[in-house]
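Remarks on the structure that follows.
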Amino acid sequence: MKGKCRLYGIETELKKSHIVPKFAFDYMKKTGGRFLRGYENPNKRIQDGIKKRLLGEKAEQEFSKRERWFTNNIFFPYLTKNQQKFNYDENFAYFIISVLWRVILDHLDNPLSDPKKLNFLYEVVDEWREFLTESKYPRNYNDLNVMLTDRLSSHTTNFQNADLYMSRYIDATIIVNDDYSTVGVYVKFLRFMFWSILKGKPTEGENIKVQFNPSVLNLPQVVKDNYFGGFIFNRIKLIDNGPEVSEAQQRKIAEEIIKNENSFWNTDAGKSMLNDYKLRKEASG
């Protein structure tokens, strides 16, 4: 399909580009989530993430190059080796912006909030495009944050899927408060959260800010921001209060687990489910 590449603005053959990188879905399926289910329609199996014809071959190659850098230097070292310190260069900021930029484009194409109050997102898209294509530092929208999550040890809520969200879920959205005084863009996959506050007070915390030049990411991290904490709280609540899985689909899920019961509970997905069950029992006394 021919069209204009959203990154380089040239007429070219458009590829089906993932909004959230494909490697996240591949890893999820390999670690116990062979058939993914979204909270909006949990009865429908998802084989892959959302794809749209956004980019040409040149843009796809540039994005893929940074995705490989991220998987080799941060993604796999953290998930498979529990590495706690990461040296990074400008590829990290490029990777984060490339993903958040796609989330904004998807939102602008399918707005869920008042479009007039979010018109400035087109300015963000343009400024970030200049960074992605010309390495031009984004002077107006340069707030980048990262949080690496882990298995939950406790919580004081009545959430059903707290560990599932924090350690397994894939999520992407525009952050907006009631009066639009705070606006951001957010994406999460597995144990990695990335976000940028585009309007309003930046998120406060320790070891969460990403630099555009070579630096070091150290764990542990701390978020000292009630607004962002409340946002995460509401995302988990949204899943808990979403449509329930039908009895027929529940049987299918149970059958799949029973087929490989011993191995399933040792997968990351199985451990997350067991941990949520344990946390619910502890919270109920």
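We're numbering straight along the sequence, starting at 1.
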Q. When you look at Asp109 and Arg6, which way does the salt bridge (charged side-chain N to carboxylate O under 4.0 Å, His left out) test go after all the steps?
A. CA-CA 12 Å; Asp109 291 343; Arg6 300 287 283 272; 3.4 Å; yes

Q. What do the steps show when you test Leu132 against Phe63 for side-chain contact (heavy atoms from CB on, under 4.5 Å), and what is the final call?
A. CA-CA 9 Å; Leu132 295 170; Phe63 283 12; 4.1 Å; yes

Q: Please step through side-chain contact (heavy atoms from CB on, under 4.5 Å) for the pair Met147 and Ile208, ending with a clear verdict.
A: CA-CA 6 Å; Met147 172 66 73; Ile208 64 171; 4.0 Å; yes

Q. How far apart are the C-alpha atoms of Lys209 and Asp143, what are their side-chain angles, what is the distance that settles it, and do they pass the salt bridge (charged side-chain N to carboxylate O under 4.0 Å, His left out) test?
A. CA-CA 8 Å; Lys209 298 298 178 181; Asp143 175 67; 2.8 Å; yes

**Q.** Check against salt bridge (charged side-chain N to carboxylate O under 4.0 Å, His left out), Lys22 and Asp26
**A.** CA-CA 6 Å; Lys22 183 177 183 294; Asp26 291 342; 3.0 Å; yes

Q.
Checking Lys58 against Glu62 for the salt bridge (charged side-chain N to carboxylate O under 4.0 Å, His left out) test, could you report, in this order, the C-alpha distance in whole Å, the side-chain angles of both residues, the deciding distance, and whether it holds?
A. CA-CA 6 Å; Lys58 180 181 178 182; Glu62 290 298 320; over 6 Å; no

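Counting non-hydrogen atoms of other residues, nucleotides and ligands closer than 6.0 Å to NZ of Lys278 gives a total above 12.
Using a distance-only test at 3.5 Å, with no hydrogens or angles considered, no donor-acceptor pair links the side chain of Thr182 to the main chain of Asn177. Judged purely by atom type and a 3.5 angstrom limit, Glu127 uses its side chain to pair as donor or acceptor with the backbone of Asn140. A donor-acceptor pair is defined here as one N or O able to donate and one able to accept, closer than 3.5 Å; no such pair exists between the side chain of Asp106 and the backbone of Arg102. A donor-acceptor pair under 3.5 Å is absent between the side-chain atoms of Asp163 and the main chain of Asp276, judged by distance alone. With Ser64 contributing its side chain and Gln61 its backbone, the two residues share no donor-acceptor pair below 3.5 Å. No side-chain donor-acceptor contact under 3.5 Å links Trp128 to the backbone of Ser98. Between the side chain of Tyr88 and the backbone N or O of Phe70 there is no donor-acceptor pair closer than 3.5 Å. Between the side chain of Asn207 and the backbone N or O of Leu217 there is no donor-acceptor pair closer than 3.5 Å.
For the residue pair Phe159 and Ala162, the shortest heavy atom distance occurs at CB-CB, 4.0 Å. In this structure, Cys5 and Thr12 approach most closely via the heavy-atom pair CB-CG2, 4.0 Å. Across all non-hydrogen atoms, the minimal contact from Gln83 to Leu219 is O-CD1, 4.0 Å. Here the closest heavy-atom approach between residue Ile104 and residue Ile174 is recorded as CG1-CD1, 4.2 Å. Across Leu7 and Ala59, no two heavy atoms sit closer than the pair CD2-CB, 3.6 Å. Minimum interatomic distance between Ile19 and Val99 (heavy atoms only, all atoms of both residues): O-CG1, 4.0 Å.
Gln160 is listed as a side-chain neighbour of Arg280, based on a closest heavy-atom distance under 4.5 Å. Taking the side chain as every heavy atom from C-beta outward, Asp240 and Asn158 never approach each other to under 4.5 Å. At a threshold of 4.5 Å between non-hydrogen side-chain atoms, the residues Phe120 and Leu198 count as touching. Counting heavy atoms from C-beta outward, Arg151 and Ser272 have side chains that approach closer than 4.5 Å. When side chains are defined from C-beta on, Glu60 counts as touching Ser17, because their heavy atoms get closer than 4.5 Å. No side-chain heavy atom of Lys52 sits under 4.5 Å from any side-chain heavy atom of Leu105.
Rounded to the nearest 0.5 angstrom, Asn87 CG and Asn218 CG are separated by 8.5 Å. In this structure, CZ in Phe212 is found 11.5 Å from CD in Glu90, a value given to the nearest 0.5 Å. With values rounded to the nearest 0.5 angstrom, Ser154 atom OG is found 10.0 Å from Asn275 atom CG. Here the NZ-NE2 distance, from Lys51 to His18, works out to 5.0 Å after rounding to the nearest 0.5 Å. Rounded to the nearest 0.5 Å, atoms CD1 (Ile96) and CZ (Arg66) are 13.0 Å apart. Taken to the nearest 0.5 Å, the CZ atom of Phe131 stands 13.0 Å off from the CZ atom of Arg139.
A salt bridge does not link Glu11 with Lys2: none of the charged nitrogens is closer than 4.0 Å to a carboxylate oxygen.
Sequence neighbours left out, the pairs with a member in residues 223-234 that pass side-chain hydrogen bond (donor to acceptor under 3.5 Å, both in side chains) are Glu206-Lys224.
Tyr277 and Leu274 are not part of a single hydrophobic cluster, where members link through side-chain heavy atoms under 4.5 Å apart. Cluster membership check: Val222 does not share its hydrophobic cluster with Phe86, using side-chain heavy-atom separations under 4.5 Å among Ile, Leu, Val, Met, Phe, Trp and Tyr. Under the 4.5 Å side-chain heavy-atom criterion for grouping Ile, Leu, Val, Met, Phe, Trp and Tyr, Trp101 is not connected to Leu14 through any hydrophobic cluster.
With hydrogens and angles left out, the side-chain atoms of Tyr141 and Glu123 include a donor and acceptor closer than 3.5 Å. Between the side chains of Asn142 and Tyr137, at least one donor-acceptor pair of N or O atoms lies under 3.5 Å. Under the 3.5 Å distance criterion, with hydrogens and angles disregarded, no donor-acceptor pair is assigned to the side chains of Asn266 and Lys271.
A tilted orientation is assigned to the rings of Phe92 and Trp69, their planes being inclined by 30° to 60°.
When ring centroids are compared, Trp195 and Phe231 stay outside the 6.0 Å threshold.
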Would you be so kind as to tabulate the donor-acceptor pairs closer than 3.5 Å made by side chains of residues 183-194, with sequence neighbours excluded?
{"from": "Tyr186", "atom 1": "OH", "to": "Tyr165", "atom 2": "OH", "distance (Å)": "2.7"}
{"from": "Lys188", "atom 1": "NZ", "to": "Tyr165", "atom 2": "O", "distance (Å)": "2.7"}
{"from": "Lys188", "atom 1": "NZ", "to": "Tyr169", "atom 2": "O", "distance (Å)": "2.7"}
{"from": "Lys188", "atom 1": "NZ", "to": "Leu190", "atom 2": "O", "distance (Å)": "2.4"}
{"from": "Arg191", "atom 1": "NH1", "to": "Asp268", "atom 2": "OD1", "distance (Å)": "3.3"}
{"from": "Arg191", "atom 1": "NH1", "to": "Asp268", "atom 2": "OD2", "distance (Å)": "3.3"}
{"from": "Arg191", "atom 1": "NH2", "to": "Asp268", "atom 2": "OD1", "distance (Å)": "3.1"}

